[in-house]
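To start, the structure itself, in structure tokens.
Owing to the predicted nature of the structure, the values given are computational and were not obtained by experimental measurement.
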Amino acid sequence: MLDIRLIREQPELVKAGLEKVGADPQMVDQVLAFDEERRRLETEVSEMRARRNAGSKEIGRLKDEAEREARKAEMRLLGDAIAERESRLNQVNAEQQTLMLSLPNLPAPDVPPGKDESENVVVRVVGEPRSFDFTPRPHWEIGAALGILDIERGVKISGSRFYVLKGMGAALQRALITFMLDLHITQHGYTEIYPPYVVKEHCLVGTGQLPKFGENLYRDIEDDFWLIPTAEVPVTNLHRDEILEASALPLRYVSYTPCFRREKMSAGRDVRGIKRGHQFDKVEMVKLCRPEESAAELTTLLDNAEDVARKLQIPYRIVQMCAGDLSFTAAAKYDLEMWSPACGENGGEWLEVSSCSNFHAFQARRANIRYRPEPGARPEYVHTLNGSGLALPRVMIAVLENYQNADGSVTVPEVLRPYLRGLERITP
RNA sequence: GGAGGGGUCGCAUAGUGGUCUAGUGCGCCCGCCUCGAAAGCGGGUAGGUCAAAAGCCUCGCGGGUUCGAAUCCCGCCCCCUCCGCCA
């Protein structure tokens, strides 16, 4: 959510920001219209309530019965008038709130302009794509041949976009998870969190998935339970409605969870292999910090994600999102993409394995997460950030495809061997 | 899931229809006192709205009764105890 004061005081600046991300700047005028009406009613109602409060108190002191009854009748009328305006106030309030929740975040000043994906900026490329002396095979072939990936049976059990990992396939993913967690916990200063995998609706509003993107979520009809699309949701919401001590910041959390997505919006995309499933595992990093720290925290967040790729020795690149390709909630965002030599249409493509974002106070305002800058000072909103560290299926793809050998075996990256009882190669 | 008890300002509690603009104790902060500290004494200690003050809103949440609700009624949520079920 944007700061209503900013919208009030600098509407042109907000409009310009919305225009940059491709949103309709007219929404600012709508919000302001609601805001004006709301404030007018608010003032009116609170003035009337003050009169009623005083009048009611007066009745308690009156001795004369006739006088009491007269005042009661008067107050009853006032009460009806208050109720009428209150219901209008509630309505305007709700409308303004709905609109506020549908406004995307504004881009940070240093975000490059651009309309869409095509104008994203490749910041750096790290590592050399390996040259093969044979034609590299895509992961679904490698996995099937090794008996570690079974897409058919996944589909049999749960339908399209599900798969089964078996034997060393399951173990490899588990090794990656543990390796990533250990790295972030012991080297990068994160605290591990095991959160619920289902959350209440308000949590999803807090992190920005709702109300706009509900069609991509799974939910339980009977209870207010939603399957998490990312650990970002429960972990960011850990501190909802809290006022944190400044000395507690920054908070850095890392959490491994499964993630569930309907992928309704990307129907037909990436149907081959395990690149885009309804259920996938992810190690996620989440930070809460002071506003002035967030830019620097984004830099280290990205570096923490990159460290995984560096240690796995898989070529990757960093792409900065242009304004038009930012997500709804992000003020700034960098993607980490690993090289897949055989996944793409023409042999080889970059796979997004992490998005590292700074949300500024956008989520904090929605989830009401604040901190006290100084003892005794008024609470202010924190900044939140998050980034994958990393998403498992695509890292699995990158490992299988980059480390494949001519005989169909897959060499185990050195950093993973301690997690696989020293295994050096996955063979049939 | 069933029965009973309970959710009040960081913690503990008081408050059962109108001086509650919620009292008290503890904790914390400031001051006095002291060489310093403890004790003692005095003061301050939720959030939101508003440029700010006044005012208004918030006593788990949402409705209702009433001139007036922390207080009465209804529904829901959560916690505790017991029972049932169960990794």
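Contacts of R51(A) with the nucleic acid, taken as non-hydrogen atoms under 4.0 Å apart, are absent. Residue contacts for R71(A): at a heavy-atom cut-off of 4.0 Å it reaches no nucleic acid atom on any strand shown.
Side-chain contact check for S357(A) and N386(A): no donor-acceptor pair (N or O, by modelled atom type) lies under 3.5 Å. Using modelled atom types and a 3.5 Å distance limit, the side chains of D150(A) and Y163(A) yield no donor-acceptor pair.
Ring pair H188(A)/Y190(A) is perpendicular by interplanar angle, where above 60° counts as perpendicular and below 30° as parallel. Relative ring orientation between H278(A) and F162(A) is described as tilted, the plane-to-plane angle lying within the 30° to 60° band.
With both pairing distances under 3.5 Å, U66(B) is matched to nothing as a Watson-Crick or G-U wobble pair. As the counterpart of C35(B), no nucleotide is assigned, since no Watson-Crick or G-U wobble pattern has both distances under 3.5 Å. Nucleotide C59(B) is matched to nothing when pairs are restricted to Watson-Crick or G-U wobble geometry with both distances under 3.5 angstrom. With both pairing distances under 3.5 Å, U21(B) is matched to nothing as a Watson-Crick or G-U wobble pair. Across every strand in view, A3(B) sits in a pair with U81(B) that passes the Watson-Crick or G-U test at under 3.5 angstrom. As the counterpart of U45(B), G27(B) is assigned, both hydrogen-bonding distances of the Watson-Crick or G-U wobble pattern falling under 3.5 Å.
Nucleotides A39(B) and A53(B), compared at atom P, are 35 Å apart to the nearest Å. Here the separation of G25(B) from C85(B), taken at their C1' atoms, is 44 Å to the nearest Å. Only the C1' atoms considered, U34(B) is 14 Å distant from C41(B), to the nearest whole Å. For the C1' atoms, the distance from A22(B) to G4(B) is 29 Å, rounded to whole Å. The separation of G42(B) from C33(B), taken at their C1' atoms, amounts to 11 Å, rounded to a whole angstrom. Distance check on atom C1': A38(B) versus A51(B) gives 46 Å, rounded to whole Å. Rounded to the nearest Å, the gap between the P atom of U49(B) and that of G1(B) is 37 Å. Rounded to a whole angstrom, the distance from the C1' atom of G10(B) to that of C61(B) is 22 Å.
In terms of position on RNA chain B, the residue among E58(A) and R8(A) whose nearest nucleotide sits closer to the 5' end is E58(A). Both R38(A) and A50(A) lie close to RNA chain B; mapped to their nearest nucleotides by heavy-atom distance, the more 5′-ward contact belongs to R38(A).
Applying side-chain contact (heavy atoms from CB on, under 4.5 Å) to M168(A) and the options T427(A), V412(A), I148(A), V410(A) leaves one that passes, I148(A). Applying the side-chain hydrogen bond (donor to acceptor under 3.5 Å, both in side chains) test between R38(A) and each of Q96(A), E95(A), Q97(A) identifies Q96(A) as the sole match. Each of E44(A), E36(A), E42(A) was compared with R40(A) under the salt bridge (Lys or Arg N to Asp or Glu O under 4.0 Å) criterion, and only E44(A) meets it.
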Evaluate F328(A) against F362(A) for ring-ring contact (aromatic ring centres under 6.0 Å, His included), listing each step before the verdict. CA-CA 10 Å; F328(A) 178 73; F362(A) 189 83; 5.7 Å; yes
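On the nucleic acid side, RNA chain B has its first and last nucleotide under 4.0 Å of a heavy atom of chain A at G18(B) to G68(B), going 5' to 3'.
Contacts with RNA chain B (heavy atom under 4.0 Å) in residues 75-95 of chain A: M75(A), R76(A), listed by number.
Among pairs with a residue in residues 393-403 of chain A, those fulfilling side chain to side chain donor-acceptor pair (under 3.5 Å) read H139(A)-E401(A), S340(A)-E401(A), at least two apart in sequence or across chains.
D80(A) and R76(A) are not joined by a salt bridge, as no carboxylate oxygen comes within less than 4.0 angstrom of a charged side-chain nitrogen.
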